[in-house]
Amino acid sequence: MLIKQLSIFLENRAGRANEVAEILALNDIDILAFNLADRDDFGMLRLLVDDVDKAVAVLSERGFATVLTDVVSVQCKNEKGSLAQLMAVLAKNNVSVQYMYAVYDGKVSHAVIRPADLEACVLALKDYV
Amino acid sequence: MLWNSNKEAMSFEDRKKLQGVRLHKLVERLYHSVPFYRQKMQEMNLLPSDIQTIEDIQKLPFTTKEDLRDNYPTGLFAVPKSEIVRVHASSGTTGKPTIVGYTRRDLEIWSECIARCLSSFGVNRDDVVSVAYGYGLFTGGLGLHYGVEHLGAMVIPTSTGNTEKHIRLLHDMKVTTIACTPSYALHLYESIQKYGYDMNEFSLRIGIFGGEPWTDNMRKEIEEKLHIKAYNIYGLSEIMGPGVAHECECQDGTHIIEDHFFPEIIDPETCEVLPDGVQGELVLTTLTKEGIPLIRYRTKDLTALHHEVCSCGCTEVRMDRIMGRSDDMLIIRGINVFPSQIESVILEMREFEPQYQLIVDKKGNLDTLAVHVEVKPSFMSDDLNAMMVLKKQLSDRIKSVLSISAEIVFVEPGSIERSQGKSCRTIDNRKLI
């Protein structure tokens, strides 16, 4: 399934990610998953939140640069070998992955994928459970 | 040792007389051959006959870098093109270089001036001189080169670039004298260590350094590390190139070659001429130049003059080390960098906000330049590779404009201070103490 991921541009300095977390907490926004990627002078904090629009609004108000990106979220069985199965499907369909991360809410696991080709990825995973 | 004691050890009175005669001739030539100067003098109701002594120079108008730019490329040349035998060019603020032209006589005088510099450093016919300034449009390489030949020493036209080969030449050719920027000298020392040479295997004894501001502490460091005596040479392409002024073996101030270049110090705000010992902007008049003579050219270099006679025997005025610049030009690794050059590159790319900040620093012995920019929110991407490509584009463009590399730092939108008018866009962390 396609979902909106919220990415926030951050300078690499202490306390910056903390500020984002605090703003979201103050505004009663729940972080479902996060991932932090960085280069030498900046980083990208990627979040799945329960209210994307509100999160964008409150962060922009505080001067943060935000980007919304479509990502594919796919449910995985919480057992050995399931990641291998998932990757095999992607490989078979020639879908290359820019980055991915995992979400586990205590019951179900999801893989969140940012593919090079969104459409191809969705098609490939259409029948995957 | 004085090269031309006739001129270098002249009495003050004789020199003033000579300067007056040369100034009068210069003004007469310019009035009749350069419309820019004729117009300026007419506006001030001045005739060449009003200028008879060197004191009269204060009646004359100033010339600025902007005047050179407005008359680009050859509007201030005072002789027909057929008389010009060489041009050099310096970097300009908007990508437009400043073109300077030399007649055959200008080149002879240039070589004479360099020979005087070299001789005052103790260089003689038995020396082997490696010229490691850039050869080409920059005046450093070729200017030094012909001066060394004129003196009769052996010149190795090393130019810039290949440090390993340079060290081999220094070693194998028993080079005694090296001319380069002071920061390159320190870089050279580190490379000599890296390639496993022992400093005692070299024959170096004299270093000729210019092209960027340096301090007595740097001098001490260079002298100790390279086992040489390090001397300052001063010049700028608009006036001639290196060889306008030089230290002597006393290392106590930089002598200005006064029979060719008349110095004044002015208050950069009021343009009032300041007395000896007071720091201000150096203004130079090219008393004998033919190709592109300049009257009261504002160098923007800040220094002070001292007329007390030096113990080397040279009676020429001495100036202090250049203490800075009255405008915002940065000298990074010997190259003139104007923030506006970087600004124009940033403005050309729609991905960036117009705000930027330059951070100049020193890592080890080399100057570094970091450019802080903000990516516009609409061009922000979640794809880090795309962001890195954008970064590379900017850094490649800056490199092609400045000919030096800059580190690009992406900062958060809105984090660079917005201010009205001229903001403080440059932070220079290099310590000059």
Side-chain angles (χ1 to χ4, degrees), chain A residues 2-20 23 33-49 52 55-72 96-101 112-118 121, chain B residues 342 345-346 349-361 363 366 368-399 405-419 423 425-427 429:
Chain A
L2 275 182
I3 50 171
K4 289 274 180 218
Q5 170 194 260
L6 172 63
S7 303
I8 303 143
F9 177 90
L10 294 178
E11 274 176 43
N12 276 0
R13 62 190 154 87
R16 225 31 204 152
N18 177 41
E19 275 187 65
V20 173
I23 291 168
F34 72 86
N35 164 281
L36 183 61
D38 84 309
R39 287 293 183 270
D40 35 28
D41 55 332
F42 67 93
M44 206 49 91
L45 178 62
R46 295 168 177 142
L47 302 174
L48 298 182
V49 294
V52 174
V56 169
V58 295
L59 287 169
S60 303
E61 198 185 13
R62 291 286 296 271
F64 285 93
T66 57
V67 186
L68 289 182
T69 316
D70 285 316
V71 289
V72 179
S96 66
V97 174
Q98 287 181 350
Y99 58 82
M100 61 189 290
Y101 49 96
V112 180
I113 305 165
R114 171 68 189 173
D117 184 341
L118 214 52
C121 181
Chain B
I342 297 168
V345 173
I346 292 170
M349 293 181 68
R350 59 199 183 111
E351 293 90 346
F352 299 108
E353 299 282 1
Q355 281 75 22
Y356 64 94
Q357 193 155 45
L358 309 181
I359 317 281
V360 188
D361 214 327
K363 281 201 185 114
L366 284 179
T368 60
L369 170 65
V371 180
H372 288 204
V373 285
E374 300 175 7
V375 177
K376 282 185 191 157
S378 51
F379 288 96
M380 198 67 89
S381 168
D382 169 64
D383 180 356
L384 292 181
N385 290 332
M387 296 285 273
M388 295 313 273
V389 167
L390 189 57
K391 199 182 244 199
K392 177 137 195 334
Q393 273 173 8
L394 179 59
S395 103
D396 286 352
R397 287 196 198 183
I398 287 178
K399 169 129 201 194
S405 343
E407 181 200 357
I408 308 297
V409 178
F410 284 170
V411 297
E412 287 176 19
S415 65
I416 295 174
E417 194 198 327
R418 269 71 171 157
S419 62
S423 55
R425 297 186 181 284
T426 304
I427 298 172
N429 291 323

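As the structure is a prediction and not an experimental result, all values here were calculated from the model. Proteins get letters first, then strands, A, B, ... in listed order; numbering begins at 1 in each.
Of the listed residues B:Val375, B:Asn385, B:Leu384, B:Val409, the one with more heavy-atom pairs under 4.5 angstrom with chain A than any other is B:Leu384. The candidate from A:Gln98, A:Gln5, A:Arg46 with the greatest count of non-hydrogen atom pairs under 4.5 Å with chain B is A:Arg46.
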Side-chain polar contacts of residues 8-17 of chain A - donor-acceptor pairs under 3.5 angstrom, sequence neighbours left out - could you list them?
unit_1, atom_1, unit_2, atom_2, d
A:Glu11, OE1, A:Arg13, NE, 3.1
A:Glu11, OE2, B:Glu412, N, 2.7
A:Glu11, OE2, B:Ser415, OG, 3.4
A:Asn12, ND2, A:Arg39, O, 3.0
A:Asn12, ND2, A:Asp40, O, 3.2
A:Arg16, NE, B:Glu412, OE1, 2.9
A:Arg16, NE, B:Glu412, OE2, 2.8
A:Arg16, NH1, A:Glu19, OE1, 3.0
A:Arg16, NH1, A:Glu19, OE2, 2.8
A:Arg16, NH2, B:Glu412, OE1, 2.3

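Side-chain atoms of A:Val58 and A:Arg62, non-hydrogen and from C-beta on, never get closer than 4.5 Å to each other.
Only the backbone of B:Ser381 has a heavy atom closer than 4.5 Å to any heavy atom of chain A. Of the atoms belonging to B:Lys391, it is side-chain heavy atoms, and not backbone ones, that fall under 4.5 Å from chain A.
Enclosure of atom CZ in B:Phe379 by more than 12 non-hydrogen atoms of other residues, nucleotides or ligands within 6.0 angstrom is indicated.
Closest heavy-atom contact between A:Asp41 and B:Ile408: OD2-O, 3.7 Å.
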